[in-house]
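Because the structure is a prediction, the values reported are computed rather than measured. Ligands are counted one by one from 1 in listed order, and the atoms in each one are counted from 1 as well.
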Amino acid sequence: MRSTQKLPRQIPATEVQRLELTDLAPGRYRFRLALAEDATSQRVCVPVQVVKGHAPGPVVGITAALHGNEVNGLPVIHRLFRRLHASELAGTVVGVGPLNVPGYLRNKREFSDGKDLNRVFPGSPTGNESSVYAHAIVERLLRNFDVLFDLHTASFGRSNSLYIRADMTQAQTAHLARVIRPQIIVHNRADGTLRAAAEHLGIHALTVEIGNPQRAQETLVLSSSVGLREALEHLGMTKSDEESPQAETVECSHSYWLYTDGGGLLEVFPHLTERVARGQPVAQLLNEWGEVHRVYEAPEDGIVIGKATNPVASSGARILHLGVVGSVPERAQPPRDSAPC
Ligand SMILES: [Zn+2]
């Protein structure tokens, strides 16, 4: 079918091998950042948009679709950038996505070698495919940032609330998490992730989990982009003209998944963000005749961060992601570490 709409003129994108922000004049830019070559010797380029403000300020990076099928973050970035203007901005905002281009093209979470890209950071220039790519992300992109928001969703067969994972012992990081006002915040430190690589470089880094994979969920996209604008305002970069529509945020000291010890058709009872009490039935398994043969209870009081949506369950299937409500003590921010990752 041929498009009948007249489209606005596009800003051309420049291909670069490395994102260099220091010498850029204030303004709006589009780049294609080359991170690798594919098997047809073509460069694998990631779309990067930049708005550099007229006033000085921090560099905030927002990355999306590091897991290739987690696409809610892309319209979040697009919406945010439509409302950013260099004349009204202090500092620089960089929007990157899809970051895992090979996964995105195949509607897959994983990279082209089947590896989970968000488990191989900081990567290595002499490693395998995913490791080389992760290393290029760190060296050619990540090092520019003072703050990182890495946008994700649930994995296939699960659904998520709008929640943030962050090291809540870091005062500045914790404050950024709170001004976004997600439904839930979980204190969490994770090795091998882009967030961990960023933290190693002294970057304030937060993982924002936005709903479900392979979907663009308008309400969560709106909430997330408003929340990120609040974060930019908190950093002194913009003046926000929107009110964050979220309700109170629930903070969790930690979280974990519950798994089945048998197989069958899984039914999970509580909805996302629902509070559950210790001993409350939260799920059941039906056998092949439709009879209940397992019932699972909450092992302690908590809140439902995510849950299985795929009813087909074998032994060890995920049931729900339980957050244990509570906060962790903050400590002062250590000085920024400029050592190589
Ligand atoms: Zn993800």
So, taking the atom named OG1 in Thr309 and the one named CG in Asn212, what distance separates them when rounded to the nearest 0.5 Å?
7.0 Å
Listing, residues 96-103 side-chain donor-acceptor contacts under 3.5 Å, not counting sequence neighbours, or none:
unit_1 : atom_1 : unit_2 : atom_2 : d
Asn100 : OD1    : Gly103 : N      : 2.9
Asn100 : ND2    : Leu66  : O      : 3.2
Asn100 : ND2    : Arg109 : O      : 3.3
Asn100 : ND2    : Glu110 : O      : 3.3

For the residue pair His187 and His254, is the inter-centroid distance of their aromatic rings smaller than 6.0 Å?
no
I'd like to check the ring pair (Phe, Tyr, Trp, His ring centres under 6.0 Å) partners of His175; sequence neighbours left out, ordered by chain and number.
His234
For the pair Arg106 (side chain) and Phe111 (backbone), establish whether a donor and an acceptor sit closer than 3.5 Å, ignoring hydrogens and angles.
yes
Leu266: which other cluster members, linking ILVMFWY side chains closer than 4.5 Å, directly or transitively?
Tyr256, Leu258, Val268, Leu272, Val276, Val282, Leu285, Tyr296, Val304, Ile319, Leu320, Leu322, Val324
For the Zn ion (ligand 1), what is the number of protein N, O or S atoms at a distance under 2.8 Å?
4
